[in-house]
2 protein chains.
Amino acid sequence: MKEGPNIARIATLIGDPGRANMLAALMSGKALTATELAGEAGVTKQTASAHLAKLKDGDLVVVEAQGRHRYFRLAGEEVAATLEALMGLAAAKGQLRTRTGPKDPELRHARVCYNHLAGEQGVRLYDGMLGHGYLRLGSNGLDLTQSGQELVGRLGIALDGNSRAPLCRECLDWSARRSHLAGRLGRAILQFTFEQGWAKRVEGTRIVRFTATGGAAFARAFKLT
Amino acid sequence: MKEGPNIARIATLIGDPGRANMLAALMSGKALTATELAGEAGVTKQTASAHLAKLKDGDLVVVEAQGRHRYFRLAGEEVAATLEALMGLAAAKGQLRTRTGPKDPELRHARVCYNHLAGEQGVRLYDGMLGHGYLRLGSNGLDLTQSGQELVGRLGIALDGNSRAPLCRECLDWSARRSHLAGRLGRAILQFTFEQGWAKRVEGTRIVRFTATGGAAFARAFKLT
DNA sequence: TCTATAGTTCGGCTATGATCGAACCATGTC
DNA sequence: GACATGGTTCGATCATAGCCGAACTATAGA
């Protein structure tokens, strides 16, 4: 009965509180240095170094050396999606880390998930784009339809040409328990939202805060109800 | 930066090899007794008992006492979905447990995921039903449309009335890296497939083996290409 | 070249948690 | 009631792995 992939190694990797905190911090999508991650995890640099070596060895993070800094980021969308799934389980049993302060509702409403928009707004975007036929679930996965491409072009959303990563991808949302849009398109839309000034990131958190007019403009652009 | 659910506890729970094996065994959807699970994990009854107590305390499994047996099963679709996500990560880095024997391709082709169909066939079903408009992603999640309800009725698929669980749900597939259909409908369709004699489970594994005529009949029934 | 900072390596301490032997409770069978 | 089997509890053992102090390497800047 032991067919299938070896999940214990990966889960053990995520299971250490220090490493889990680091991964949670990296869910912001920013690349962080080893010392910054040490601060997040509440451990010394030596300990953090050991943890990061293990995460790297387990292919959960990738590292990019820049001068005397080493920047760490999540290894990809799949890692982010798995972390979201784990958060969903933890949230389901009431294991929220911070007691329901003002942060929690805001996190549920709109937040960054690795590099795209999550939370209620992310789910709303995903549903709306499917409902209007901008996205379609075809036999090759999630597709951007003809009308979807027109929308992207009309709004002037810049898709980077790095075509290795899939254009569209779904990611399961821990707060709404529904899918939202990831992939290159998901990233581009979040980027676009910031550039338009519709929303800003709250410094030091994963919260995305829409302005009143920005929220309306966002909904209008994607025809969300 | 420590907002959000506490994932470390859950991941630690899954991270022990013994518990991971138990959970993997429970992905077959069958309810297993404590001694059976001890055998799966390769530990003694005492150890298994301790593990199962922790899994139960962490709400990953539920237990049902029947006479002097205690049957364990996964706590729900979310748990299964999370395990699939972890398997996806593990598979991505080539961490397959069994060396690519004959089992592995069959597992990828069609298998049981908790209580519904997964693997290439599961993904194919999901995509086809969306493509033909039997399913739709609406604002309340995945919906069975009018024509979908007609299809279900015409085929004579029995949906149990236990309406607590959602009718349709997506579950991310570790082998195909795509979504497949879970929820009450997903369970009913798998059940129906077995009842029609289109496929059988390979004893002691999660493999679902379609007969030649059964595979064709399955594709015809749901208009899969 | 000297200094400050980023990060790693090494060694030893410690604690958590997995493991099992043995005894114990509970349910069903004869 | 005696007995077998499923399962839990307790206690002791043992290994793994997290942790940090201290020493070390590497890059940047003056």
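Please read these numbers as outputs of a predicted model, since none were measured by experiment. Convention: sequence-line order gives letters A, B, ...; per-chain numbering from 1.
- R111(A) has a carboxylate O that lies under 4.0 Å from a charged side-chain N of E84(A), or vice versa, which qualifies the two as a salt bridge.
- Separating the NE2 atom of H69(B) from the P atom of dA4(D) is a distance of 17 Å, rounded to the nearest angstrom.
- Rounded to whole Å, atom P of dT8(D) lies 7 Å from atom CG of L52(B).
- Side-chain atoms of R201(A) come within 3.5 Å of backbone N or O of S28(A) as a donor-acceptor pair.
- Here T47(A) does not reach the OP1 or OP2 of dC19(D): none of its side-chain N or O atoms lies under 4.0 Å away.
- Side chain of R206(A) to main chain of V112(A): a donor-acceptor pair is present (N/O by atom type, distance under 3.5 Å, no hydrogens or angles).
- Side chain of E170(B) to backbone of S179(B): no donor-acceptor contact under 3.5 angstrom is found.
- Put simply, CD on E64(B) is 16 Å from C1' on dG6(D), counting in whole angstrom units.
- In terms of modelled atom types and a separation under 3.5 Å, the side chain of T47(B) and the main chain of V43(B) share no donor-acceptor contact.
- Summarising the geometry, the separation between CD on Q46(A) and C1' on dA17(D) is reported as 16 Å, rounded to the nearest angstrom.
- Between its two ends, the helix from dT1(C)-dA30(D) to dC30(C)-dG1(D) turns its axis by 30°, counting five pairs per end and rounding to 10 degrees.
- When rounded to the nearest whole Å, the span between CG of L55(B) and C1' of dT8(D) equals 16 Å.
- The side chain of R68(B) lies closest to dA4(D) when the candidates are dA4(D), dT9(D), dG18(D).
- Looking at which nucleotide of DNA chain D each of T44(A) and G67(A) is closest to, the 5′-most match is held by T44(A).
- Residue K45(A) contributes atom NZ, which lies 19 Å from atom C1' of dG18(D) at whole-angstrom precision.
- Comment: R108(A) does not engage E120(A) in a salt bridge, judged by the lack of any side-chain N to carboxylate O separation of less than 4.0 angstrom.
- Salt bridge status for K54(B) with D16(B): absent, with no side-chain N to carboxylate O gap under 4.0 Å.
- When atom types are taken as modelled, the side chain of D57(B) and the backbone of D59(B) share no donor-acceptor pair closer than 3.5 angstrom.
- Think of the region where chain B sits on DNA chain C: with heavy atoms and a 4.0 Å cut, that region ends 5' and 3' at dA18(C) to dG28(C).
- For the OP1/OP2 pair of dT8(D) and a distance below 4.0 Å, the side-chain nitrogens and oxygens of R70(B) include at least one atom meeting the criterion.
- Using modelled atom types, no side-chain atom of S49(B) and backbone atom of K45(B) make a donor-acceptor pair closer than 3.5 Å.
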